[in-house]
Amino acid sequence: MITLNSSEPASAFSEQIQLQTATDQAPADLQVAACERMLAALQEIESQLLRVEQLLRAVNLQLVEAQAAWQGELAAMKGRLHYLSDAGGGPERLHPVRTSPLTADPQPGVSTSANAKGASPPGPAIISLQTHPRYLPSTEAGSTTTLPPLYITCFGRFTVRRLHTQGALIQLCRNSKGQAILRYLLAQPQQQASIDMLMADLWPDEERETSRHKLQIAVSALRASLNGEQVQSGGGYILYKEQTYLLNPAASFITDVAEFRRLFATGRQANDSDVTARCYEQACKLYSGPFLTEDLYAEWSFLTREELARAHRQMSTWLAEYALQRGEAETALTWASLLLKLDHYDEEAYRKIMRAHSLSGRRNEMLRCYQQCCQTLREELGLEPLPETRRLFEQLLGAATPSPLP
């Protein structure tokens, strides 16, 4: 409170007013400074939360990939256990069967006793095709039929060819579900599926008897297009056993996926990096697109597709790093660009591209790559590059010879 004393001069009163104003202004300035500090702290917290979100997204992707891998390994292990159980562990399981007896397909409208009693449908049958007594070759005269090998591509466009006619393309049946049945069987670990599995996945919204009838029609159309003149009726490349459809174990089904997996395993186990590189290059050439693009959104093909895509990314990443270590900038750029095409958020691919440009002295291209990385992450994800990406950029920028941007 300011009081005016008549005995004091006016100048003294003015000084008192200024002092009181300065005293009142000080708390306001302190509050503004505190608010500014709080705002800066909140911005830092927001930045940290964005980084945590990015890390959680990466961890979630790794968990999804790990789950797919575990499920694939589990399915393969179950298949091997059933195989050993049915084969009895004896050496006879190593001898392939030349042919298999055929069992008639189920008749339309006829249900098994289990289904007639309202029991739950049977699960997928896991059977050792080459040693199970129900699959042993028939001894009746005229029961054997030699089936020409088929070569099937599952990456990119799905095609089937006969090897004995110089790769003549087979025109599969017009029945889309018939074609899907062949792809479905190829995607299964044991290349077989129960009728309940097929009906549930291919006709999920149909009544049981309706889907059963459509399944029989589709299989019949598929058999007719695959067998051609090799088999007059029934059986052939597609067999039916114990309510299970399967690929004939006596026939040869050669697929690009099997060769891809073989090359991947060989390269991974090789002790020579040059051998690994050759195997990986050949495998990646086979990968012309995702596994069974015709069934891109089907649940039954998801795990296999993810497994193969993961192997392709792993090999491409290895080849890019191998080329960088050998000083082969253009080769490294090719593989790293492929990785970036598969996932344009892949910072590891950006880093390899930056290293390849720096290795060949293309400083401006290295700068553009880093700018593209920052822009893509910022605009599409609201994130900044990882610390290792920024450190690499600063390291390469400091090592490069300065030159102005065009």
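For this chain, numbers begin at 1 and follow the sequence in order.
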Task: Reported CD-to-CG distance for the pair Q191 and L247, which is rounded to 0.5 angstrom - done: 5.0 Å
Open item on the list: For a 4.5 angstrom cut-off between non-hydrogen side-chain atoms, does L396 reach L392?
Closed with: yes
Open item on the list: S252: which residues meet the side chain to side chain donor-acceptor pair (under 3.5 Å) condition with it, sequence neighbours left out?
Closed with: none
Open item on the list: I'd like to check the side chain to side chain contact (heavy atoms under 4.5 Å, CB included) partners of S211; sequence neighbours left out, ordered by chain and number.
Closed with: M199, W203, E206
Open item on the list: Considering only residues two or more places apart or on different chains, which pairs with a residue in residues 315-342 satisfy ring-ring contact (aromatic ring centres under 6.0 Å, His included)?
Closed with: Y280-W318, W318-Y322
Open item on the list: Give me each pair satisfying side chain to side chain donor-acceptor pair (under 3.5 Å) with a member in residues 171-186, each pair once, sequence neighbours excluded.
Closed with: R183-D295, Y184-D201
TODO: Taking the side chain as every heavy atom from C-beta outward, state whether F158 and L182 have any atom pair closer than 4.5 Å.
DONE: yes
- [ ] Could you tell me which non-hydrogen atom of D196 sits nearest to which non-hydrogen atom of R208, and how far apart they are?
- [x] OD1-NH1, 2.7 Å
Task: Test item: L226 and L172 side chains (from C-beta on) under 4.5 Å apart, heavy atoms - done: yes
Open item on the list: Quick one: does any side-chain atom of R305 pair with a main-chain N or O of L296 as donor and acceptor, under 3.5 Å?
Closed with: yes
Open item on the list: Surrounding CD of Q325 (heavy atoms of other residues, nucleotides or ligands, distance under 6.0 Å), is the total greater than 12?
Closed with: yes
- [ ] Any chance you could measure Q395, atom CD, to R355, atom CZ, to the nearest 0.5 Å?
- [x] 9.5 Å
TODO: Could you pull out the closest heavy-atom pair between L339 and S316, with the gap in Å?
DONE: CD2-CB, 3.7 Å
Side-chain donor-acceptor contacts of residues 253-262 below 3.5 Å, not counting sequence neighbours, with atom names and distances?
{"unit_1": "T255", "atom_1": "OG1", "unit_2": "A258", "atom_2": "N", "d": "3.0"}
{"unit_1": "D256", "atom_1": "OD1", "unit_2": "C154", "atom_2": "N", "d": "2.9"}
{"unit_1": "D256", "atom_1": "OD2", "unit_2": "C154", "atom_2": "N", "d": "3.1"}
{"unit_1": "D256", "atom_1": "OD2", "unit_2": "F155", "atom_2": "N", "d": "3.1"}
{"unit_1": "E259", "atom_1": "OE1", "unit_2": "R262", "atom_2": "NE", "d": "3.1"}
{"unit_1": "E259", "atom_1": "OE2", "unit_2": "R262", "atom_2": "NH2", "d": "2.7"}
{"unit_1": "R261", "atom_1": "NE", "unit_2": "E307", "atom_2": "OE2", "d": "3.1"}
{"unit_1": "R261", "atom_1": "NH2", "unit_2": "E307", "atom_2": "OE1", "d": "2.8"}
{"unit_1": "R261", "atom_1": "NH2", "unit_2": "E307", "atom_2": "OE2", "d": "3.3"}

Open item on the list: Minimum heavy-atom separation for A180 and L202, please, with both atom names.
Closed with: CB-CD2, 4.3 Å
Open item on the list: Nearest 0.5 Å, please: how far is CD1 in I181 from CD1 in I238?
Closed with: 8.5 Å
Open item on the list: Going by the rule side chain to side chain contact (heavy atoms under 4.5 Å, CB included), which residues pair with T389 if we only count those two or more places apart in sequence or in a different chain?
Closed with: E347, R351, Y370, C373, P385, L386
Open item on the list: Contact between C279 and T276 at the side-chain level, heavy atoms closer than 4.5 Å - yes or no?
Closed with: no
Open item on the list: Could you measure the distance from the CZ atom of R223 to the OG atom of S225? Nearest 0.5 Å is fine.
Closed with: 11.5 Å
- [ ] Determine whether Y245 and L239 make a side-chain contact, defined as any pair of heavy atoms from C-beta on separated by less than 4.5 Å.
- [x] no
TODO: Supply the atom-to-atom distance L319 CG to T334 OG1, rounded to the nearest 0.5 angstrom.
DONE: 11.0 Å
Task: Trace of the side-chain contact (heavy atoms from CB on, under 4.5 Å) decision for H312 with L338 - done: CA-CA 10 Å; H312 178 241; L338 174 62; 4.0 Å; yes
Open item on the list: According to salt bridge (charged side-chain N to carboxylate O under 4.0 Å, His left out), who are the partners of E365, at least two apart in sequence or on a separate chain?
Closed with: R368
Task: Nearest non-hydrogen partners of K352 and A320, listed with the distance - done: CD-CB, 3.8 Å
- [ ] Just jot down the salt bridge (charged side-chain N to carboxylate O under 4.0 Å, His left out) partners of E330, sequence neighbours excluded, or say none.
- [x] R362
TODO: Evaluate side-chain contact (heavy atoms from CB on, under 4.5 Å) for L324 paired with T331, printing each intermediate quantity in order.
DONE: CA-CA 8 Å; L324 285 171; T331 302; over 6 Å; no
Task: Listed once per pair and sorted, the salt bridge (Lys or Arg N to Asp or Glu O under 4.0 Å) pairs that draw on residues 268-282, sequence neighbours left out - done: D274-R326
TODO: Kindly write out the residues that satisfy side chain to side chain donor-acceptor pair (under 3.5 Å) with E379, not counting sequence neighbours, or none if the list is empty.
DONE: Q375
Open item on the list: Once side chain to side chain contact (heavy atoms under 4.5 Å, CB included) is applied, do any residues pair with S337, and if so which ones, sequence neighbours excluded?
Closed with: L333, I353
- [ ] Taking the side chain as every heavy atom from C-beta outward, state whether T317 and E348 have any pair of such atoms under 4.5 Å apart.
- [x] yes
- [ ] Go through the steps to decide whether I195 and Y240 satisfy the test side-chain contact (heavy atoms from CB on, under 4.5 Å), and finish with yes or no.
- [x] CA-CA 9 Å; I195 60 174; Y240 178 77; 3.7 Å; yes
Open item on the list: For Q188 versus A193, what's the shortest heavy-atom pair and its separation?
Closed with: CG-CB, 4.5 Å
Open item on the list: So, taking the atom named CG in L308 and the one named CZ in F264, what distance separates them when rounded to the nearest 0.5 Å?
Closed with: 10.0 Å
- [ ] Answer with yes or no whether the side chains of T159 and T153 bring together a donor and an acceptor at under 3.5 Å.
- [x] yes
TODO: Kindly determine whether E207 and E209 satisfy side-chain contact (heavy atoms from CB on, under 4.5 Å), including the steps that lead there.
DONE: CA-CA 6 Å; E207 295 292 335; E209 291 306 320; 5.7 Å; no
Task: side chain to side chain contact (heavy atoms under 4.5 Å, CB included) partners of A309, counting only residues at least two apart - done: Y287, R313
Open item on the list: Would the distance check show the side chain of R378 and the main-chain N or O of E384 forming a donor-acceptor pair, the cut-off being under 3.5 Å?
Closed with: no
TODO: Would you indicate whether E380, at its atom CD, is surrounded by more than 12 heavy atoms from other residues, nucleotides or ligands within a distance under 6.0 Å?
DONE: yes
Task: Contact check, side chains of T376 and H344, non-hydrogen atoms, under 4.5 Å - done: yes
Task: Side chain S360, main chain H357, donor-acceptor under 3.5 Å - done: yes
TODO: Would you indicate whether the side-chain heavy atoms of L367 and M354 approach each other to under 4.5 Å?
DONE: no
- [ ] Locate the shortest heavy-atom distance separating A187 from T304; write the atom from each residue and the value.
- [x] O-OG1, 3.7 Å
